[in-house]
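Here is the structure we will look at, set down as structure tokens.
Keep in mind that this is a model prediction, so the values were computed, not measured. Convention: sequence-line order gives letters A, B, ...; per-chain numbering from 1.
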There are 2 protein chains.
Amino acid sequence: MGVMSTVSSGQHTRPMCYLLLLMILQLGLHTAEGVWPLPQTLISSTERFHLSPQAFYFGYGRQSAAQQGCSVLDAAFKRYFALIFPDYTSGRWNLFSDKNESKILLQICLCCFTGLESFSQLVYQDDFGSYFVNKTDIKDFPRFQFRGILLDTSRHYLPVQAILKTLDAMAYSKFNVFHWHIVDDPSFPYQSRTFPDLSSKGAFHPMTHIYTQSDVRRVISHARMRGIRVLPEFDSPGHTKSWGKGQPDLLTPCYKGGIPSGTFGPINPALPSTYHFMATLFKEVSVVFPDSYIHLGGDEVDFSCWKSNPYVRAFMQKMGFGSDFTKLEAFYMENIVNITSALNKTSIVWQDVFDYHERVSTPQQITHINYEVRSTYYAELSRMTKAGMRVVLAAPWYINHISYGQDWHNYYTVQPLNFSGTEEQKKLVIGGEVCMWGEYVDATNLTPRLWPRASAAAERLWSDEKQTSNVDMAFPRLQDFRCKLVRRGIQAEPLYVGHCKQEYQGI
Amino acid sequence: MGVMSTVSSGQHTRPMCYLLLLMILQLGLHTAEGVWPLPQTLISSTERFHLSPQAFYFGYGRQSAAQQGCSVLDAAFKRYFALIFPDYTSGRWNLFSDKNESKILLQICLCCFTGLESFSQLVYQDDFGSYFVNKTDIKDFPRFQFRGILLDTSRHYLPVQAILKTLDAMAYSKFNVFHWHIVDDPSFPYQSRTFPDLSSKGAFHPMTHIYTQSDVRRVISHARMRGIRVLPEFDSPGHTKSWGKGQPDLLTPCYKGGIPSGTFGPINPALPSTYHFMATLFKEVSVVFPDSYIHLGGDEVDFSCWKSNPYVRAFMQKMGFGSDFTKLEAFYMENIVNITSALNKTSIVWQDVFDYHERVSTPQQITHINYEVRSTYYAELSRMTKAGMRVVLAAPWYINHISYGQDWHNYYTVQPLNFSGTEEQKKLVIGGEVCMWGEYVDATNLTPRLWPRASAAAERLWSDEKQTSNVDMAFPRLQDFRCKLVRRGIQAEPLYVGHCKQEYQGI
């Protein structure tokens, strides 16, 4: 209001001014477009409050357990102030607004980060740049406790800055688990204190393509400030080619015609030194990554190299495994699970470990991630929950797979509990995960490939399924949310023809 | 070399230094990875020249027709110096190199921008940061004269900066035509001097989502400096919904039950005022866009609205078209072609105009663009060239269509002349065009979606087909070229697992 009245006063005799007014009337009033992901209950009214950036502040309620000095919340207040009033914080705000009018004290009750996020999404600007929030009553909680995003920093290195930016965007969609698939066959970017050769020889570059201890701390701290836990994955015994470069005798030498061929297979499960190494590595990892979860991989193990190696075969005989190499893998995984259990970690493994190795012990501790991308994941969910496994569903959210058109529909219409099973079984599905595997993804295309497509999965994992079953209803709200992401500096790609008031400026 | 000897002198008693030396020896020497798109003839040797940024300059030969003061070349020299020596121009260069050694005078013969581009791709840095170029003999010319990229600024607005950046990247791949699909149904961002209402009412926003006259001049000038012509498209009579907002009585009112339904169809071909408007608009456009080509569209005209309108039907009767609405469209297109011919422009239209309206006159002047995305484009090429039409092939290069994996193979393996026809017919295929339609593309994802996938088409349009028939041979060279794009600040996405020495930093 302030801006307009200033423009018209002193100029109101010039026809130009009327033209301007006319256009503004045509543009009409904006109202809040909603919150993404949709809260469990949201009752909004047309009654609106004028917010003045000059007077607005977040404070702690008298009854609040947290008080000033709670660094996580203090920082969140500051961050969300800047997100809500970007013009003001960038110094582009002008001071024409009527201070008396805008000094309304709003008392809102926010119980966590996600409440702050919802509130921030409710604030909007009218065509004069004034900030408003409509009177809104929200009661909210997530449908699933585990709402993850996997980034793969082995197939391509992602600069720390790209990870931090992803964490920012994750918080906007209320994701709360960053599954860091940090190492794999192509490269080992994690710089270990205990085994520095793993990255100095196994990373794409020993200095520019690594995560130092301080990088990791920075990622974990950035995530923690946003209510996101960091789940590290050190996948073994397969997917470990890069480990072998810096750790001699770790991988299995493959044989051809009775002699070593010079190539290497999965980690060698037949050597005591292997378990000593893994115990030492995981001891470090369990301190560096304080989260109670740890991901041990266990997927896609190719047995051919083990089969070719006479020492591995001799070990099989000694252990009484016959020629069943799944028993060897189960033996290996059991050892690794025991190592991490002793470190008070809850192990997570890929589905394979359940599929082929039902004898792996302490199933209560293991949360499987279903990772097959196919329409049969309902059957897998039935089978795994029936066996009492806690499950995180990833299969329908392999978001690195792209196709032309509005493929967010596919991510949105997943029904995670639509498998046959008891109520008890359904409770074992603790959440879901969006996987961004790195074959074709690095810092150049990560963000537009991830957002807003991952946000479709975010709503599925957070919101009530009945209230969010219709893609056509979701579309304008997601489109609006995508514009909010762009406004916040996230390079989120468009859903379809159209525009945002504030387009992406980071070219 | 300078850097290393400085580090080792004074420190050579410390073991750390030997370790450093050892690592550098391991990294080995880099050599030139080649030029993309592949020159017609390239003979390289292992003999290499040390280039010193301090001493290097581009100059004009004594025999050169162009001399100092030729602004286009002077600017190109400056630009390419910065591309070749980015460390130097950013002030990160250090002065340890031996000046006597590096003051070798290189005499190279470059005949155009594309020669400069090839030369710039041949320069490389060794592991010490020194610049080298191997002795190389290149004879080069493009296979096709028309090598275009279409951007669609109607379905999403692209900021001028995004267009300029695309022009930069186009020059790196030796594209030479920017086909600017500037307006369409969703929005009319071109700010016309003569008809300002077209954009003030038809753009997504009358101020932030338009191209002013000065914006257009900037684009054309930026393109010209890089040897790129700008081909504007004002598509009609279909794809014109946005035109109707700012120009009353231009579109055909659709009828339902004998009365106007309130909706509008294609441009009204039955009114003299239409042709007066189009002539006035194209008169302006032909001056603003000085290129001799102009694209008139003519695609995907829906006849249902014309059919519903009694005045259009009466006009059909008067003209003796019976109920054949293709005749009406041909009549319209003929008028538009005549308007632009009178302005000394060569008209380009989409394939439809040929398919349905063979009676449109002056076929020599019309270059058709085959736009059907299907495997039958060979048949279309045969048919159109048989009729004597000059053709630009776009069908296999609809690059807005995405799929998972290395889909650049599809763009690379196109054989534009592999249709049945005489030598004369084949000469009528003057080139090809990569189309980036804008339904799902704006400034957030344009660049990674375009590059390096479009570069695959660029090589097909530039290079000898026999020398570039193998995708496996092309892969490492394209991967290297992609890293060059990233180093030059182009957000080009990765082709597969791996890394670049200099990763994308623009997060």
task = On the 0 to 90° scale, with breaks at 30° and 60°, tag the A/Tyr404-B/His401 ring pair as parallel, tilted or perpendicular.
result = perpendicular
Winner by heavy-atom pair count (cut-off under 4.5 Å) against chain A, out of B/Ser154, B/Pro448, B/Gly506, B/Pro186 = B/Pro448
key: Student check: side-chain heavy atoms of A/Asn445 and B/Pro494 closer than 4.5 Å   = yes
inquiry  = Under a 3.5 Å distance rule, please check whether B/His156 uses its side chain to pair with a backbone N or O of A/Tyr496 as donor and acceptor.
reply    = yes
message = For the interface with chain B, which of A/Gly498, A/Ala443, A/Ala162 has the highest count of heavy-atom pairs at distances below 4.5 Å?
response = A/Gly498
key: Rounded distance [0.5 Å steps], CG in B/Asp407 versus OH in A/Tyr440   = 9.0 Å
inquiry  = At a 4.5 Å cut-off on heavy atoms, which part of B/Asn400 comes close to chain A: side chain, backbone, both, or neither?
reply    = both
message = Once rounded to the nearest 0.5 Å, what's the spacing between atom OH of B/Tyr157 and atom SG of A/Cys500?
response = 14.0 Å
ask   = Would you find more than 12 non-hydrogen atoms of other residues, nucleotides or ligands less than 6.0 Å from B/Arg218 atom CZ?
value = no
task = Considering only heavy atoms and a distance below 4.5 Å, find which of A/Thr444, A/Val486, A/Val497, A/Leu446 pairs most often with chain B.
result = A/Thr444
key: Atom group of B/Glu439 that falls short of 4.5 Å from chain A, counting heavy atoms   = both
key: Under 4.5 Å from a heavy atom of chain A, the part of B/His209 involved   = side chain
request  = Considering only heavy atoms and a distance below 4.5 Å, find which of A/Thr208, A/Asp185, A/Val441, A/Asp442 pairs most often with chain B.
outcome  = A/Asp442
request  = Measure B/Leu495 against the heavy atoms of chain A and call it side chain, backbone, both or neither at under 4.5 Å.
outcome  = backbone
ask   = Under 4.5 Å between any side-chain heavy atoms of B/Arg449 and A/Ile402, yes or no?
value = no
note = Rounding to 0.5 Å, atoms CD (B/Gln491) and CD (A/Gln491) come to a distance of 4.5 Å
note = Whatever's closer than 4.5 Å to a heavy atom in chain A on B/Pro159 counts as side chain
remark   = Per-residue tally against chain A (heavy atom, under 4.5 Å) across B/Ser403, B/Ala492, B/Gly405, B/Gly438 peaks at B/Gly405
key: Under 4.5 Å from a heavy atom of chain A, the part of B/Gln406 involved   = both
key: Max heavy-atom pair count under 4.5 Å with chain A, selected residue of B/Lys165, B/Glu503, B/Gln505   = B/Glu503
